[in-house]
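Down below is the structure, laid out as structure tokens.
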Amino acid sequence: MNPTRNPLPRHAAQPVPNRTAAMGPTRRGRWARLGRFSQAGSLLALVIALGACGGGGSGSDDSALSGAGADATSSGTITAFGSVYVNGHKFNTDSARVVDDDTGAVSTGSDVLEVGMVVDVRAASHSHPDRPVAAELRVHPLARGVVDASDGSSGTLKVMGQTVQLTAATVFSDRRSCVEATTDPCTAVSSQAELTATTGSGTGAVAGDYVVVHGYLYAPTADSSSAQIVATLVSLRDSSSETGATYKAEGVVSEVNTTARTLTVGGLTVDYTQAACYKARRNADCASAFSVGQVVSAYSASMPALPVSQLTADVLRVRSKTVVETEGATVELEGKVASVNGSQFVLRGMVIDAASLSSGSLPVAGDVVRVLGVVASGGTQITAGSVTLLRPAAARAVGLEGDHSSLAAGSTAQTYVVTLLGQRITVDAETRLADRSSARASRAHRSSNPFNIGTFESYLAAATTKQLRIAALDDGSGNLRALSLTLVADTAVSGVAGTASGSDNTGNPVQFTVHGVAVQADTSAIVARRTHQHGNDSEGDSTPEVTAGSVSDGQWVVVRGSLIEGTLVVSPPASGSAPGADSIVVNFGTPGNRAERDCF
């Protein structure tokens with residue numbers, strides 16, 4: 001990584017118009033503005049919170065390499081603090097610089113970092129795999145802008161013309177000043193269902209929430225109907241607090257028009273007539289700087305017309321697809337596999353050569369993996385030494401919500417076993433931990449009260465709530481490993497998400513199990529919902545008919561209800577009412593190939 005500050009000009013940030021007038025202290029009118037998305041959004045919140053995508057599993061390993069070794073680079077998601085946990089390494093950050101790769105701002109300490117941010121960590125020259133030390137952390141989100149659309153059925157957002165896919169592991173945070181205000185505070189947003197999307201267009205548009213999206217570049221093609229970004233963190237901000245890069249989109253160039261001086265990134269047309277262009281961190285001639293297949297970042301200090309489909313860029317930068325470009329450098333990175341061709345696959349827009357690995361270690365499209373390898377000749381691709389599978393097919397995903405009944409030490413150091421709804425789930429250093437039990441809990445001082453695997457037992461013991469939401473993976477033998485664990489406010493509601501089995505639809509209530517959790521659901525509380533289909537069915541996707549009031553084996557369901565003597569009971573809704581979010585079964589049917597890749 002190059003420590004040189006980015007050459008972005010320091011433009012004055014522009015506030016989003018109409019937000020103060022549109023939002024009251026309690027975000028009044030939110031659901032009215034969401035309109036037809038409100039019901040879909042509440043259902044989606046269950047899917048995201050309870051684990052529509054699994055996590056875990058591993059491929060081959062090359063002990064000669066380490067992303068925490070001297071001068072290596074490890075690129076991945078921050079999973080916890082108390083030092084910084086990235087890719088399973090606990091990096092000491094006492095002397096590390098934190099660089100905003102968009103604005104060039106440099107700071108020390110972890111106050112500007114959040115769980116869910118994707119960072120490139122450059123290990124110090126004296127770093128060792130057993131004692132990881134960070135010299136520098138570089139962070140840049142993939143989108144900064146207004147939420148123009150929120151699609152509950154597919155779990156996607158539209159931000160700066162980019163389709164953002166949400167998953168079970170996506171973290172939401174709300175860092176607007178009003179959340180911490182002592183007078184007239186606003187309610188913190190913690191899920192997609194609570195986001196406000198843009199309404200209207202042109203001069204009559206009312207802007208949605210301003211967000212900063214961190215995650216992984218996903219789609220390397222020109223298909224703007226599929227996701228361009230897999231989000232690991234959606235952070236609400238006051239746009240006026242952003243400097244230098246208030247509005248941003250980063251992605252793969254699908255079209256360049258040198259006559260009109262425009263290029264296309266996802267669903268966004270970027271006009272670079274007035275832009276300052278940079279390539280390899282140096283000034284470049286805009287007329288010849290860009291080509292199809294490149295990854296570019298487009299910035300503007302002024303809000304574009306809403307909903308966003310065009311951006312007049314102040315700055316355009318060509319990004320390297322690899323984390324570093326030095327041949328032979330050790331790199332570690334995680335992301336979602338976009339495509340596979342023989343022994344090569346595309347991850348975060350770059351080619352990974354896995355020819356030296358066994359065929360059983362190769363991922364499939366849609367897998368979330370961690371790659372450890374070296375930069376190949378030319379600095380344009382990675383030669384993999386190992387591939388670790390972090391999140392495979394949806395059929396192995398399990399989500400649980402409720403009060404944990406016990407906590408015990410695991411079989412190895414820094415592992416624990418949490419019992420929730422009668423299920424034993426292993427928590428380890430790679431589990432993403434978060435405290436969302438209150439607006440202030442998520443901002444607990446990271447040095448005095450960190451939530452990480454080292455403090456896990458004492459933190460849970462001291463917590464004012466016992467209620468957890470866990471997204472977990474079944475390893476194929478019935479054992480569960482937690483991908484994410486979130487403390488949430490106490491409620492009387494419990495929930496489970498996963499594949500149904502042992503279904504009995506002969507009476508009312510309907511009975512079935514989800515990973516050993518017994519469910520009894522009144523037929524009137526079972527809602528049928530088809531999985532979202534992007535584009536055509538050329539890949540042979542098929543979602544069988546889903547019938548309201550019934551559940552069949554192999555169908556993917558999200559359940560919320562009351563835990564009564566070990567059984568999750570879903571009661572009928574009040575007479576004449578639709579099922580509420582606290583007592584409902586949402587039946588998504590049998591997952592198809594595309595549904596698994598998009599995590600619903």
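Positions are given from 1 along the sequence.
When every heavy atom of Gln414 is checked against every heavy atom of Tyr85, the shortest pair comes out as NE2-OH, 4.4 Å. Pairing each heavy atom of Val570 with each of Ala525, the nearest pair is CG1-CB, 3.6 Å. The nearest pair of heavy atoms linking Gln228 to Thr163 is OE1-N, 2.7 Å. Contact between Gly88 and Arg370 at its shortest, heavy atoms only, is N-NH2, 4.2 Å. The two residues Val147 and Leu157 have their closest heavy-atom pair at CG1-CD2, 4.4 Å. Across Leu563 and Ser494, no two heavy atoms sit closer than the pair CB-OG, 3.8 Å.
In this structure a side-chain-to-backbone donor-acceptor pair under 3.5 Å is present from Asn508 to Thr523. At least one donor-acceptor pair closer than 3.5 Å links the side chain of Thr491 to the backbone N or O of Val493. Not one N or O on the side chain of Asp151 forms a donor-acceptor pair closer than 3.5 Å with the backbone of Thr156. At least one donor-acceptor pair closer than 3.5 Å links the side chain of Gln165 to the backbone N or O of Gly155. Within the 3.5 Å criterion, the main-chain N or O of His515 finds no donor-acceptor partner in the side chain of Thr513. At distances below 3.5 Å, not a single donor-acceptor pair connects side-chain atoms of Gln467 with backbone N or O atoms of Thr465. The backbone N or O of Pro450 lies less than 3.5 Å from a partner atom in the side chain of Thr455, making a donor-acceptor pair. Panel note: side chain Asp148, backbone Thr198; no donor-acceptor pair is recorded below 3.5 Å. Thr232 contributes a side-chain N or O that, together with a main-chain N or O of Gly116, makes up a donor-acceptor pair within less than 3.5 Å.
Note that CG of Leu487 and CG of Leu433 are 9.0 Å apart. Values are rounded to the nearest 0.5 Å. The structure places OG of Ser484 at 8.5 Å from CD1 of Ile470, a figure rounded to the nearest 0.5 Å. Here the straight-line distance linking atom CG of Leu568 with atom OG of Ser562 works out to 8.0 Å at 0.5 Å rounding. From Tyr210, atom OH reaches atom CZ of Arg144 across 6.0 Å, with rounding to the nearest 0.5 Å. Note that OG1 of Thr431 and CD1 of Ile453 are 6.0 Å apart. Values are rounded to the nearest 0.5 Å. Rounding to the nearest 0.5 Å places OG of Ser405 at 7.5 Å from CG of Leu420.
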Practice problem: In sequence, state the C-alpha distance, the side-chain angles, and the governing distance for Ile229 and Val213, and then conclude on side chain to side chain contact (heavy atoms under 4.5 Å, CB included). | Solution: CA-CA 9 Å; Ile229 297 169; Val213 179; 4.2 Å; yes

Practice problem: Begin with the C-alpha distance, continue with both residues' side-chain angles, and end with the deciding distance and a verdict on side chain to side chain donor-acceptor pair (under 3.5 Å) for Gln423 and Thr419. | Solution: CA-CA 5 Å; Gln423 309 304 300; Thr419 301; over 6 Å; no

Quiz prompt | Criterion side chain to side chain contact (heavy atoms under 4.5 Å, CB included) on Glu334 and Asn87, from CA distance to verdict | solution = CA-CA 8 Å; Glu334 64 178 14; Asn87 288 334; 3.2 Å; yes

Practice problem: Start with the C-alpha gap between Arg237 and Ser235, add the side-chain angles, then the distance that decides, and say whether side chain to side chain donor-acceptor pair (under 3.5 Å) holds. | Solution: CA-CA 6 Å; Arg237 301 294 181 105; Ser235 182; 3.0 Å; yes

Quiz prompt | CA sep, side-chain torsions, deciding dist, call: Val308, Val146, side chain to side chain contact (heavy atoms under 4.5 Å, CB included) | solution = CA-CA 8 Å; Val308 178; Val146 171; 5.8 Å; no

Quiz item: Between Val527 and Asn587, does a side chain to side chain contact (heavy atoms under 4.5 Å, CB included) hold up when you go through it step by step?
Solution: CA-CA 6 Å; Val527 177; Asn587 187 347; over 6 Å; no

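Using a 3.5 Å distance cut-off with no hydrogens or angles, the side chains of Asn452 and Tyr459 do not pair a donor with an acceptor. Side chains of Ser177 and Asp238: a donor on one and an acceptor on the other come within 3.5 Å. For Asp428 and Thr415, the side-chain atoms include no donor-acceptor pair closer than 3.5 Å.
Looking only at side-chain heavy atoms (C-beta outward), Val171 and Val234 stay at 4.5 Å or farther from each other. Side chains of Val586 and Trp556 form no contact here, defined as non-hydrogen atoms less than 4.5 Å apart. In this structure, the side chains of Thr170 and Leu233 stay at 4.5 Å or more apart for every pair of heavy atoms. The shortest side-chain heavy-atom distance between Leu400 and Leu480 falls under the 4.5 Å cut-off. Using a 4.5 Å heavy-atom threshold, the side chains of Val427 and Phe456 count as touching. Side-chain contact between Leu460 and Leu468 is present, with heavy atoms from C-beta onward closer than 4.5 Å. Side-chain contact between Ile526 and Val510 is present, with at least one heavy-atom pair separated by less than 4.5 Å. Between Cys186 and Val179 the shortest side-chain heavy-atom distance falls below 4.5 Å.
Salt bridge status for Arg560 with Asp582: present, with a side-chain N to carboxylate O gap under 4.0 Å. Under the 4.0 Å criterion applied to side-chain N and carboxylate O atoms, Glu114 and Arg432 are not assigned as salt-bridge partners. Under the 4.0 Å criterion applied to side-chain N and carboxylate O atoms, Lys466 and Asp490 are not assigned as salt-bridge partners.
Of the residues listed (Thr499, Asp504, Asp553, Val551), the one engaging Phe512 in a side chain to side chain contact (heavy atoms under 4.5 Å, CB included) is Val551, and it is the only one.
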